[in-house]
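Structure first, commentary second.
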Number of protein chains: 4
Amino acid sequence: MTVPGTRALLERLLGGPLAAAARTRGERRVVRLAKLLRTLVTERGESSGAVMARRAVALYSGLDEHGRELLFELLARDFSPDPGLVLAAAQAYREEPSPATLARLQAVAEPPRQEIFRRMNMAAGGTSVLVGMRRAVLALIPRRPHLAVVVDDLTHLFGSWFNRGFLELRRIDWGTPAAILEKLIAYEAVHEIRGFPDLKRRLERDRRCFAFFHPALPGEPLVFVEVAFVDDLPSAVEPILSLESAIGDPRKARCAVFYSITSCQPGLKGISFGNFLIKQVAQDLHDELPNLRQFATLSPMPGFRAWLRRQPAGEGLAGAAAIREAAEAEPAAAPGEAIREPLETLAAHYLVREWEDNHVLDPVARFHLGNGARLERINWMADPSAKGLRQSLGLMVNYVYALEDVERNHEAYVNGRVVACSPAVDRLARLAEAEWPLAGEA
Amino acid sequence: MTVPGTRALLERLLGGPLAAAARTRGERRVVRLAKLLRTLVTERGESSGAVMARRAVALYSGLDEHGRELLFELLARDFSPDPGLVLAAAQAYREEPSPATLARLQAVAEPPRQEIFRRMNMAAGGTSVLVGMRRAVLALIPRRPHLAVVVDDLTHLFGSWFNRGFLELRRIDWGTPAAILEKLIAYEAVHEIRGFPDLKRRLERDRRCFAFFHPALPGEPLVFVEVAFVDDLPSAVEPILSLESAIGDPRKARCAVFYSITSCQPGLKGISFGNFLIKQVAQDLHDELPNLRQFATLSPMPGFRAWLRRQPAGEGLAGAAAIREAAEAEPAAAPGEAIREPLETLAAHYLVREWEDNHVLDPVARFHLGNGARLERINWMADPSAKGLRQSLGLMVNYVYALEDVERNHEAYVNGRVVACSPAVDRLARLAEAEWPLAGEA
Amino acid sequence: MTVPGTRALLERLLGGPLAAAARTRGERRVVRLAKLLRTLVTERGESSGAVMARRAVALYSGLDEHGRELLFELLARDFSPDPGLVLAAAQAYREEPSPATLARLQAVAEPPRQEIFRRMNMAAGGTSVLVGMRRAVLALIPRRPHLAVVVDDLTHLFGSWFNRGFLELRRIDWGTPAAILEKLIAYEAVHEIRGFPDLKRRLERDRRCFAFFHPALPGEPLVFVEVAFVDDLPSAVEPILSLESAIGDPRKARCAVFYSITSCQPGLKGISFGNFLIKQVAQDLHDELPNLRQFATLSPMPGFRAWLRRQPAGEGLAGAAAIREAAEAEPAAAPGEAIREPLETLAAHYLVREWEDNHVLDPVARFHLGNGARLERINWMADPSAKGLRQSLGLMVNYVYALEDVERNHEAYVNGRVVACSPAVDRLARLAEAEWPLAGEA
Amino acid sequence: MTVPGTRALLERLLGGPLAAAARTRGERRVVRLAKLLRTLVTERGESSGAVMARRAVALYSGLDEHGRELLFELLARDFSPDPGLVLAAAQAYREEPSPATLARLQAVAEPPRQEIFRRMNMAAGGTSVLVGMRRAVLALIPRRPHLAVVVDDLTHLFGSWFNRGFLELRRIDWGTPAAILEKLIAYEAVHEIRGFPDLKRRLERDRRCFAFFHPALPGEPLVFVEVAFVDDLPSAVEPILSLESAIGDPRKARCAVFYSITSCQPGLKGISFGNFLIKQVAQDLHDELPNLRQFATLSPMPGFRAWLRRQPAGEGLAGAAAIREAAEAEPAAAPGEAIREPLETLAAHYLVREWEDNHVLDPVARFHLGNGARLERINWMADPSAKGLRQSLGLMVNYVYALEDVERNHEAYVNGRVVACSPAVDRLARLAEAEWPLAGEA
């Protein structure tokens, strides 16, 4: 593993004895912290754990950007398992797989980084610091891919710490502290919330909002979902977001629409909560409001227009020129009704047939189909906002969560690469295949 | 790994295809559960996680003792890392220690049991079930030592899940729910609590009680400590436990005595909380009550009398015969004042000089000295109860927690095998060495 | 109004200028307090209210028994409305009943004591002090009936302050703080609770306990009711109280029995909460457990045996001698089966026909019949405890609360002096009238 | 008492038998409610209280504006004390002032309306309905002054129910539910809060906000005060309200400024809480932050400009013409520096010397001086907003709460008509008297 960033400074520090090379106050702080972390993983007892954890967290929190990068490099370089010890333990385990040889294998194969992170977590606020640390390392990965080992160790720990069993589902309403509501406004990633009055409409009695929280991050939502109670499967997002809409009666609605789901913590990227959240909320609403017959989403297709641009021109085909034009116009404009049919056909194909690494290409489809939802309907001009046009020329999708089918759908998707979809969408997808020349990325 | 228990049944089941061999309803239940667990660790997605977790927990909860044993055997046999894959991954990592080879090593070296347990934890009440499971396996270890691999995996997970950062310190007082107080009465391991009125005295304003709780085990104390505010370092436990004692003023006390500390969950044995609890409580009381000058324990010496019986007779030495008699009398009786001096000398030696595996022999001394406390005083007839006489002929010990010294004491103990003790105890220990012929177990 | 107690001291103090007559420190304290109270009701602003209230409460709390008596005498003597002013205001109001004359009437007719109590209530803990004060004055009434004016003013205020709308209904269970449970044990007035284990049985899932609390008396139950879920209308109390009884399933029970209702605060005697409590609990249980068909009590007849003793001998009538003997035996013994029929007959008469001041004679019957319950059944040997025999020779009564009938029953009772009762009880009561010569107290 | 409103309808209804005259559905509803209220105060028991209360509240809540007016007329006409009975009771009490005659007097002198209101309060939400009722009657008083009797009875009850001892002081911060914060934004009466971001600045750590709540009106602030921590007694409001101001350190501030105090419930007008709130908050802040040396306000002078217009022209005096012009300009403009001195002089006079009915004329001065504050300083151009200029030509006042002096100041104000003020203000006030011809309203 070499340092691709190759700043002279980093090389100087990592090239020789650390303490001697440190020149600035910030560098000396990193050196002190590195020594402390070394002590943390070599000392036998846990006894001074809390005190040392506090010190480590305090030192880390005082690092500037440069100091943090240096620390991550040290964590990646110096706190991985020792290859020689691992090999010896693997051989011994191979020869005689006993509790003792297995225990030895575990001991040497686990990166000492994990113990460091567990120790740092003992300090008050430690979990929050570590989530922030993962965020910072993730941001460096494009430039320093070898730091992935640090991310991986945090991923492993967070997978354990943020286990569904430790999460608390809470309803968010107008009685929720403003400090939390403010975060929802800031985090919302699908349909922007324009201040408290906008949020208030989304918390009226014909709307619901739920979030997962973790006891060690009080006041910090991890993921939240917004639900609207409506009469029928919705084909446009505007009536749901409008501040002017009349407030409906939840006891008379037939359909619960998950119209927005947002992960809040970049430091927890890839630690999945969203699937649990949707299913738990669907189950709870089903129990509370027996009038609800359908649980569905109204979802964007974030990758559709970009995908469209990558397709061959389809010369000679009706509408091909207009489609190409729509795909490439800047800024994106509402497509004409004339190309509605071919566009919907292509959208069906994109969602159902375009795969990559055992998953469908579109990230939102990947999430819902992987969860066991069914692709129900493609909606023309469902989101005519600038963002909606830019992403998917205004098209949106309904995924339906039929609680009794999700497990079967999920298995068919994971094990058989089969997308559960309605007959209408299925027909569209077949049509596309027959008629259009496509890049065939999958 | 073979099954030492050798019940024919077990062999039959483990010897061939499981499903075919299962004969009773209970056995078929184990088979169903084993298949489900296999699915849990082989499926790619986490999507049906919560549903499957619920099912696994339900199946497990329905097992009888025999079914559980069978399951543990299967967990030990079928869900360990594959030695061949581990070896290959270790070699690849040795050749090129990259993020990819390290990730691969992690993936194959971690026992699939851990993933199983993480999945089961997703169900409501899962944590509690897993703590119960570890308790059950621990109880089988003497007969089936190869099940240690199951214990080890749970230990590893619990070490992560019950990290200090996730524990909540709560004061226990007379305003605490009766359901929790009742558990304290049941769990108390040092000085029996004889019902609610007895407990109430221990919660008056000149006493304190604190416990650690974990969010996933609501209403279940993990460990609790009882504190008395007194004028001086106490030399007997009776005045502290007496229901007749006058209630003192905490703002005038000079000494906080930790007179009882109890771990509540056998399923969490070996996951240490006690050291954090004592230090946190000492720190908090120090902040709240500046009048307190000393934080100390009044502790039993559980192994003293048993150790005494193992010593050579010491023929010819004054008191030797009387000491032997006291060590061996059944039931144990209060020793005569005549042998007070030699007994205290021997006690000092026992506490300070008798080591085993880098730790002092006495379990309570091991705990407090390992935490960085100082052995302050040996107290004659401090606990004349039947239990006190049986364990240590009525002797008790004060360990002192001087917050500014604990880290240094801890390091000296762990790294230098040095016991921090008062001059008086040190002198006694030296005396014993000079005068008594001892077995020298350390 | 003169002081019937006639202790010289009191006379000395009340006979002349207070300040001069006070001799002891305690007396001087009363004088200081009386002056302060005078200021409280004459100053125009409320501005220093909280400070003065704190002072008044502190002074009062420091009074000994003698001091309190003296204060109550002063309150009765010096803080009643001025008869002359009242008469003038009444005449003016008679002449012209305008807002102004009515306001003036209100101002002079309200005893200044009420303003004093409202002011004292402003201090932290003031409500609790005033409840204690009413308790103390009530205890003096037999000896000093003229203090009734002080009681009346507190009664008036408490009736307003402890309005149903300000009470909080809370379920009491094993998760309730021990400090509150302890009070239930102490207060229980019907069937003694013998410590926490006994109470625990009464809080299992086939039992319920509810209490009213007031925000200004946190942790202090005002009244509580105990409920048992059983199959049928119970005819004996032992199966309900027994610690050995199996724990039933509340979802299968058909009858909810209110087997104990206790008012907790002697200082709130006569401020009625019990009727609200029973009806609210019945309504809530009805909503929660649709399997419940009947809401009934199993109640004592506290005055029956005493009443029996006051009846004429009934010479010549069958069983009359045995009945007299049973009524007069000391200690009370279980009556023989031979006199069961006449005793039940007499009990029916006692409950239904014996009235006093527009209410039935028996205090428990008065409470339930006044609430609109129906007298359902008289139960032989339902409470064979010493207390049960002493009060009513072991007989107990079921009152049934049929939610749809309570209002009608209540009105019939209050306006028509009609007791709602079952045909069986009605028949018994008629029989008694026909056969027995009775004192006819009503 | 006659109905000045004299709508034919009202006369028709009040003129004869109610039931017969009611013609519309709304009128029949009033008749039903009036009968129910009559029952409420004549029935002997309280037993059906809760049910009837619910019915009365439901009927009332369904009334339209006309129905409510009619009801208030009925309440005023039919539920006052009977003059004849009152006179008889007053005579009896005059003849022999015993507990019995006093009790009788109380019984007949209290308007039955009060019992009606107490009964209605038993229903869930009753308190809130009654507060709304008082608001509605208050709004009618200018047109129908005889309804004052209804207001008076509610005032009397609310004075008792909203006693300081029943109020809960709560800190309002960014962790407070949005539903409560929203109300603060809506209610704020002194310096408008322009949405959540504006409010957030007022809740930062160098600001504080506290409110009183009542247990029966959860989520409804009764009164709130806003505090800023600053270095010195402030002379302008802009730096406090500015969103751009740097956030200060509360541990270094020397002065706590109460810069806004707002009563939230028009239905509780005249039931004073504000004085308790300010003093309690000052005391609490004093305990928490020993660095604070001064507790003061920055207050408006709402009546100054209006008073100025009523003064004689002061012809010949320097500045008189310019002052008159400033007092009468529409819209109000910032006065020139040239008339600063005479305007401040007149302001001092206005605040200190202008009295009416034993109170100073300016309502804000009346509140703070009545509470025992000291008039410290008059600030030129302290509030140059349109509202500030319109009310007082931009002048504002500091009142200082010196906790050790408030009681003395309050007494001097109430009993001696003495205004506590600084030497500077005192000098200005004397100057005004000497130099200006004034209307002398006091």
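Naming convention: chains lettered A, B, ... in sequence-line order (proteins, then strands); numbering from 1 in each chain. Being a predicted model, the structure only gives us computed values, none of them experimental.
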Exercise for the section: Working to the nearest 0.5 Å, report the span between CD of D/Glu110 and CG of C/Leu105. Expected result: 11.0 Å
Exercise for the section: Side chain from CB out, backbone as N, CA, C, O: work out which of these in D/Ala109 comes under 4.5 Å of a heavy atom of chain C, or both, or neither. Expected result: both
Practice task
Return yes if some donor-acceptor pair links the side-chain N/O of C/Tyr93 with the main-chain N/O of D/Pro81 below 3.5 Å, else return no.
Solution key: yes
Handout entry: Greater than 12 external heavy atoms within 6.0 Å of D/Asp357's CG
Key = no
Handout entry: Distance (rounded to the nearest 0.5 Å) between C/Leu167 CG and D/Met122 CE
Key = 9.5 Å
Exercise for the section: Could you grab the distance from atom NE2 of C/His156 to atom CD of D/Gln114, nearest 0.5 Å is fine? Expected result: 6.0 Å
Practice task
Considering only heavy atoms and a distance below 4.5 Å, find which of D/Gln280, D/Glu168, D/His214, D/Arg164 pairs most often with chain C.
Solution key: D/Arg164
Exercise for the section: Heavy-atom pairs under 4.5 Å with chain C are the metric here; pick the option from D/Pro215, D/Ala216, D/Ala124, D/Ser160 that has the most. Expected result: D/Ser160
Completion exercise
Correct closest heavy-atom pair for C/Pro145 and D/Pro99 would be O-CG, 4.2 Å
Problem - Interface moiety of D/Leu157 toward chain C, non-hydrogen atoms closer than 4.5 Å - result: side chain
Completion exercise
So, the part of D/Leu102 with a heavy atom under 4.5 Å from chain C: the answer is side chain
Problem - Which portion of D/Glu95 sits near chain C, non-hydrogen atoms under 4.5 angstrom - result: neither
Exercise for the section: Might you point out which heavy atoms bring C/Glu407 and D/Val51 nearest each other, and give the distance in Å? Expected result: OE1-CG1, 3.6 Å
Exercise for the section: Under 4.5 Å heavy-atom distance to chain C, tell me which part of D/Gln91 shows up: side chain, backbone, both or neither. Expected result: both
Exercise for the section: Identify which part of D/Asp152 has an atom lying under 4.5 Å from any heavy atom of chain C, answering side chain, backbone, both or neither. Expected result: side chain
Problem - Residue selection (most heavy-atom pairs with chain D, distance under 4.5 Å) from C/Gly125, C/Pro111, C/Ala123 - result: C/Pro111
